[in-house]
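What follows is a set of notes on a single structure, which appears directly below.
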Amino acid sequence: MNEPTKDEKIWQVVAAIPVGKVASYGQVAHMAGLGRQARYIGKALGKLPSGHSIPWYRVIRSDGKIAFPVGSEAFEVQAQSLRAEGVLVVDGQVLIRQFGWRP
DNA sequence: TAACTGACGGAGC
DNA sequence: AGCTCCGCCAGTT
C-alpha cells in the first residue's frame, strides 16, 4: 500500500483530535511531521474529499481564534460545530483548552 | 519563469 | 494589545 501523503497525514492528525478540544494549525503541522508548514494545513483541509469524516472545525489558529473572518459562512459552520461539541466560541475566540494543553 | 497568494506562526516595534 | 515583517512551501496566475 502506498504511504499516506502529506494531506492524508494531516487529515489523520486532525481526526485524532478528541471531541470537545481543538488544535492549532502549527500544532497539527508539527504532529504531522511537517514542522513549520502551518500554512499547508489549511490547504490540505481545503482539499478534503467529499464524504470525509475529518473534524476540520477543530483546527484553529495559534492565537485561539477561528481562521475565517467573523460573519463568513465557513466561520458560522465552524463555530456552530464546535458549540455542538460543548466548545464555547465568542467573537471568533475559542474559549477552551487546546488538545495537548495540560494544566 | 517570476511573482503572488494563502483556513499560519513567531518575533519585533 | 495591535500592527508589521519575515519565513515556509506548494499551487496559481
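So that the names make sense, note that chain A is the first sequence line, chain B the second, and so on, each numbered from 1.
Under the side chain to side chain donor-acceptor pair (under 3.5 Å) criterion, no residue pair touches residues 17-31 of chain A, with sequence neighbours excluded. Pairs of residues two or more places apart, or lying in two chains, that qualify as salt bridge (Lys or Arg N to Asp or Glu O under 4.0 Å) and include a residue from residues 53-66 of chain A are A:R58-A:E85, A:R61-A:D63.
Under the side chain to side chain donor-acceptor pair (under 3.5 Å) criterion, A:R39 pairs with no residue at all, not counting sequence neighbours.
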Listed pairs under 3.5 Å, donor-acceptor, residues 40-51 of chain A side chains, sequence neighbours left out:
from: A:Y40; atom 1: OH; to: A:D7; atom 2: OD1; distance (Å): 3.1
from: A:K47; atom 1: NZ; to: A:D7; atom 2: OD2; distance (Å): 3.1

Tell me which donor-acceptor pairs under 3.5 Å the side chains of residues 70-82 of chain A have, and how far apart each pair is, sequence neighbours excluded?
from: A:S72; atom 1: OG; to: A:P69; atom 2: O; distance (Å): 2.8
from: A:S72; atom 1: OG; to: A:F75; atom 2: N; distance (Å): 3.3
from: A:Q78; atom 1: NE2; to: A:Y57; atom 2: O; distance (Å): 2.9
from: A:Q78; atom 1: NE2; to: A:V59; atom 2: O; distance (Å): 3.0
from: A:S81; atom 1: OG; to: A:V77; atom 2: O; distance (Å): 2.7

Considering only nitrogen or oxygen atoms on both sides, find all protein atoms under 3.5 Å from nucleotides 11-13 of chain B and state each distance.
none

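Heavy-atom distances under 4.0 Å link DNA chain B to A:S24, A:Y25, A:G26 of residues 12-27 of chain A, given in residue order. Taken residue by residue, residues 43-77 of chain A places heavy atoms nearer than 4.0 Å to DNA chain C at A:K43. DNA chain C lies under 4.0 Å from at least one heavy atom of each of the following residues of residues 30-41 of chain A: A:Q37, A:R39, A:Y40.
Distance noted for atom P between C:dC8 and B:dT1: 23 Å (whole Å). Rounded to a whole angstrom, the distance from the P atom of B:dT5 to that of C:dT4 is 16 Å. B:dA7 and C:dG2: their P atoms are spaced 22 Å apart (whole Å).
The minimum heavy-atom distance linking A:I96 with A:V22 is given by the pair CD1-N, 4.1 Å. The minimum heavy-atom distance linking A:P55 with A:A15 is given by the pair CD-CA, 3.8 Å.
The line from CD1 of A:I17 to CE of A:M31 is 7.0 Å long, rounded to the nearest 0.5 Å. Rounded to the nearest 0.5 Å, atoms CH2 (A:W56) and CD1 (A:I54) are 12.5 Å apart.
In this structure, A:L95 shares a hydrophobic cluster with A:L88, A:V90, the cluster being traced through Ile, Leu, Val, Met, Phe, Trp and Tyr side chains under 4.5 angstrom apart.
Extent of DNA chain C lying under 4.0 Å from chain A heavy atoms, first and last nucleotide in 5' to 3' order, is C:dG7 to C:dG11.
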